[in-house]
Number of protein chains: 2
Amino acid sequence: MTCHTAPVNTAARRPARNRPAPTLEEVAARAGVSRATASRVLRGDQKVSERAREVVLAAAQEISYVPNLAARTLVTGRSESVAFLVEESEERMFADPFFLGMLRSAQEAVATAGQQLVFTVMNRPEDQERFLAYAAGGHVDGVLLLSLHGRDQLPQRLESLGVPTVLSGRPLSGGRRLWYVDADNVGGGELATRHLLDSGRAHVATVTGPLDMCAGQDRLAGYRAAVEAAGRPYDEGLVSVGDFTAAGGHAATVRLLDERPDVDAIFAASDLAAFGVVRALRESGRSVGDDVAVIGFDDVPAAADQQPPLSTVKQPIAALGTAMTRLLLDRIEGRPGLTRRTILPVELVLRETA
Amino acid sequence: MTCHTAPVNTAARRPARNRPAPTLEEVAARAGVSRATASRVLRGDQKVSERAREVVLAAAQEISYVPNLAARTLVTGRSESVAFLVEESEERMFADPFFLGMLRSAQEAVATAGQQLVFTVMNRPEDQERFLAYAAGGHVDGVLLLSLHGRDQLPQRLESLGVPTVLSGRPLSGGRRLWYVDADNVGGGELATRHLLDSGRAHVATVTGPLDMCAGQDRLAGYRAAVEAAGRPYDEGLVSVGDFTAAGGHAATVRLLDERPDVDAIFAASDLAAFGVVRALRESGRSVGDDVAVIGFDDVPAAADQQPPLSTVKQPIAALGTAMTRLLLDRIEGRPGLTRRTILPVELVLRETA
DNA sequence: CAATATAGATCCCTTCGTTTT
DNA sequence: TAAAACGAAGGGATCTATATT
């Protein structure tokens with residue numbers, strides 16, 4: 001006869017009284033059925049008799065059985081959770097209404113699907129390795145990735161480890177093979193610029209975002225398209241490079257006014273930049289909306305609270321978050337017929353600056 | 001000879017090319033050591049020779065081995081992640097600087113400890129059951145719980161399922177057995193009230209928070225303590241019940257002024273309430289800071305931006321989040337000598353309204 | 001006899017192939 | 001012959017008691 005030593009049960013989860021957590025085995029024993037049958041009942045599988053169902057459910061209830069998810073994940077390969085990963089400082093993540101809005105809608109969409117969201121903000125390079133191991137280790141079934149920097153290969157690495165990833169915003173490189181959801185930045189730039197042109201402005205300028213980011217490039221492309229569609233020449237003198245911040249917008253405007261004092265309309269590539277534009281215009285003695293029309297981009301909450309309220313291109317933040325999440329969940333499920341690239345429409349919100 | 005059917009490998013994680021993920025077994029084989037040795041090396045265990053270490057590390061590298069976390073969790077009982085659970089609507093979670101600040105600091109603290117944060121906001125009752133199963137299932141090692149409502153038994157249920165839980169704020173019931181971190185609400189109420197009394201105000205009133213919440217009760221208790229410590233009678237006519245919102249603060253002030261037009265100082269139990277107080281005072285033709293001094297509670301960012309800037313009691317939000325997280329992690333580790341109750345000091349921030 | 005390395009049991013669940021009714 | 005239940009084989013890592021040098 002083999003001598004079994006008592007099971008040592010290293011650190012396994014155990015409820016308050018220090019009993020080990022009940023297992024499926026115990027439920028089955030108590031119900032007088034096999035483990036397989038108990039499993040089928042608890043997962044809501046079809047092939048079980050009504051009697052078996054009742055008796056198993058009762059047994060599970062009695063001993064407050066909760067399935068061990070690690071064991072389940074081990075066999076199914078699914079964790080029923082996805083990561084929300086932001087490559088930014090905590091500072092920026094929590095200061096930016098865009099990130100918060102995305103987090104909010106992603107959380108809602110994930111919860112609606114009955115799954116969990118693992119929220120991570122990544123700063124230091126070592127964070128990246130750790131996250132990679134975490135994700136590839138099977139603790140999440142997929143990744144929502146925001147604010148990818150430069151030509152960072154993180155999404156490629158995740159995909160090659162078998163972790164489906166969906167980006168927010170078109171990536172600078174690898175756009176062909178990666179999955180992403182983006183706002184219609186080109187269309188938004190066009191929309192704003194066309195409005196300025198149509199309202200009779202003679203010299204419509206733009207204060208751009210950083211041109212090493214897709215959103216910056218695309219909004220500028222939209223500006224240019226609208227200008228050319230109106231049969232006007234694309235004039236580089238009317239393009240001043242900023243960086244999406246208020247300070248950058250201010251500086252870009254100062255330069256612009258210096259070279260081209262005749263400017264009577266400015267499309268700013270972000271609302272924050274627009275705030276800087278407005279300040280610079282004021283400082284130069286021009287009236288905003290009257291002498292110079294201004295349109296921003298994003299529609300952050302503060303835009304409506306400005307004096308005068310800022311006209312802007314509204315990004316559908318909630319829809320972006322929901323779309324990313326749905327796309328990721330569909331990929332995880334292996335739904336066929338999905339497309340790598342989703343572009344959501346933007347909308348011109350006219351207030352008082354244009 | 002037994003006939004083995006090929007392993008079917010249901011849905012297990014598999015990298016891009018559809019090969020199954022490499023296992024520890026394969027690393028060991030490649031390195032020419034046993035699985036146990038490979039495991040020890042990869043976990044940084046001590047009892048391994050330098051040669052074994054090198055050869056295992058190399059092998060792991062070669063086949064891009066990533067440990068399967070579900071398997072690890074199954075045996076260790078640890079998932080290396082904790083939940084951040086908010087019992088609120090998404091709306092309130094994302095509108096309230098307090099929740100966002102807590103999320104931020106918890107995220108930082110958790111990341112610093114090399115762990116992950118699972119972020120959940122809970123609205124509907126069915127969410128609770130699902131979360132309970134998730135947490136008890138071992139996907140998280142503990143729970144940070146914010147904004148517990150009424151006498152909700154969720155923390156008790158979590159604890160009884162073996163999931164350590166730390167609350168933000170003293171719970172209404174069960175405070176004896178539960179673990180929580182709170183700001184010194186009583187002390188803050190005292191601090192504000194004493195300052196108003198000391199600065200020569202004759203009739204110091206308070207606009208309270210909701211009195212079915214601990215924070216509301218405690219801040220009122222602090223007010224009362226300061227009044228009595230100053231040798232003045234506690235006058236219920238000077239206590240007007242609000243609910244932490246601006247609308248509530250406004251209404252409470254209107255009532256108060258109606259009954260006690262002689263009021264010359266008001267301690268409001270929250271900054272939002274204070275905003276309402278200020279508006280009501282203005283509407284009544286009184287000057288804020290001069291005729292009537294006002295002190296709020298929280299120090300939300302908007303407090304400093306008010307006209308005039310609001311004096312208030314500052315809660316150490318980042319410290320609260322960090323303390324909760326550290327406490328939870330320490331509990332999970334089984335560190336001895338921890339105390340159930342942590343109260344962090346608050347601080348009076350004098351600006352222009354008092 | 002130290003210091004390392006090993007085999008094998010164990011964690012708990014899902015699922016396949018087979019038997020039972 | 002179906003339908004329902006069963007037994008046993010994984011799934012991948014950790015850890016203890018045992019062997020090896």
Side-chain angles (χ1 to χ4, degrees), chain A residues 2-14 20-29 31-53 55-56 60 65-80 133 136-139, chain B residues 2-14 20-29 31-53 55-56 60 65-80 133 136-139:
Chain A
T2 326
C3 176
H4 272 284
T5 51
V8 192
N9 201 326
T10 61
R13 181 174 58 84
R14 35 175 81 257
T23 71
L24 186 58
E25 179 93 49
E26 296 173 45
V27 174
V33 301
S34 77
R35 213 163 50 226
T37 303
S39 173
R40 256 181 266 121
V41 169
L42 292 168
R43 276 174 305 126
D45 214 52
Q46 287 315 309
K47 305 294 187 59
V48 276
S49 64
E50 198 46 51
R51 223 190 67 255
R53 160 160 286 114
V55 91
V56 167
Y65 169 75
V66 181
N68 181 318
L69 298 178
R72 171 177 295 173
T73 295
L74 184 56
V75 45
T76 62
R78 287 289 184 75
S79 67
E80 309 280 276
H139 256 3
Chain B
T2 324
C3 175
H4 272 284
T5 51
V8 191
N9 201 328
T10 59
R13 181 173 58 83
R14 34 175 80 259
T23 71
L24 184 58
E25 180 92 50
E26 297 174 44
V27 174
V33 302
S34 76
R35 217 166 44 227
T37 303
S39 172
R40 254 182 266 121
V41 170
L42 292 168
R43 274 174 305 127
D45 215 54
Q46 287 314 308
K47 306 291 187 58
V48 276
S49 65
E50 197 47 50
R51 223 190 67 257
R53 159 161 287 113
V55 90
V56 167
Y65 169 75
V66 180
N68 180 318
L69 298 179
R72 172 181 293 172
T73 296
L74 185 56
V75 48
T76 62
R78 288 290 184 75
S79 67
E80 309 281 278
H139 257 2

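Throughout, protein chains are lettered first and strands after them, A, B, ... in sequence-line order, and every chain is numbered starting at 1.
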Closest nucleotide among C:dT15, D:dG12, C:dC13 to the A:Arg43 side chain: C:dT15
Whole angstrom value for the distance that separates P of D:dT14 from CG of B:Leu42: 8 Å
Listed nucleotide nearest any side-chain atom of A:Arg72, set D:dA13, C:dC13, D:dC15: C:dC13
Distance in angstrom units between A:Leu69 CG and C:dC12 P, rounded: 13 Å
Rounded distance in Å - CZ (A:Arg78) to C1' (C:dC12): 20 Å
Partners passing salt bridge (Lys or Arg N to Asp or Glu O under 4.0 Å) against B:Arg40 (at least two apart in sequence or in another chain): none
Options D:dG12, C:dT6, C:dT14, nucleotide nearest the side-chain atoms of B:Asn68: D:dG12
Value rounded to 0.5 Å, distance of CD in B:Glu25 from OG in B:Ser39: 12.0 Å
Given C:dC12, D:dA8, C:dA5, the nucleotide with the shortest approach to the side chain of A:Thr23: C:dC12
Five-pair end axes of the helix from C:dA2-D:dT21 to C:dT21-D:dA2 and the angle they enclose, rounded to 10°: 50°
Rounded distance [0.5 Å steps], CG in A:Leu69 versus CG in A:Leu74: 12.5 Å
Out of C:dT14, D:dT14, D:dG12, whichever nucleotide has its closest atom nearest the side chain of B:Leu74: D:dG12
OP1 or OP2 of D:dT14 under 4.0 Å from side-chain N/O of B:Ser39: yes
Under 4.0 angstrom between A:Ser34 side-chain N/O and D:dA5 OP1 or OP2: no
Contact under 4.0 Å: B:Ser49 side-chain N or O vs C:dA3 OP1/OP2: no
Shortest non-hydrogen separation from B:Ala38 to B:Leu24 and the atoms involved: CB-CD1, 3.7 Å
Donor-acceptor pair under 3.5 Å, B:Arg40 side chain vs C:dT6 base: yes
Minimum heavy-atom distance between A:Thr37 and A:Ala52, given as atom pair plus value: CG2-CB, 4.2 Å
Spacing of B:Leu42 atom CG and B:Arg53 atom CZ [to the nearest 0.5 Å]: 9.5 Å
B:Ala36 side-chain proximity, nearest of D:dA13, C:dT6, C:dA5: C:dT6
Spacing of B:Asp45 atom CG relative to C:dT6 atom C1', expressed in whole Å: 15 Å
Spacing of A:Arg35 atom CZ relative to D:dA5 atom C1', expressed in whole Å: 13 Å
Sugar-phosphate only, base, or nothing, as touched by B:Ala52 at under 4.0 Å among non-hydrogen atoms: sugar-phosphate
Protein-nucleotide distance (B:Arg51, atom CZ; C:dA5, atom C1'), rounded to Å: 11 Å
Separation of D:dG11 C1' from B:Leu24 CG (nearest whole Å): 13 Å
Whole-Å gap separating P (D:dA3) and CD (A:Glu50): 17 Å
side-chain contact (heavy atoms from CB on, under 4.5 Å) involving A:Ser79 - partner list, sequence neighbours excluded: A:Thr73, A:Ser81, A:Asp141, B:His139
Heavy-atom side-chain contact between B:Thr23 and B:Asn68 under 4.5 Å: no
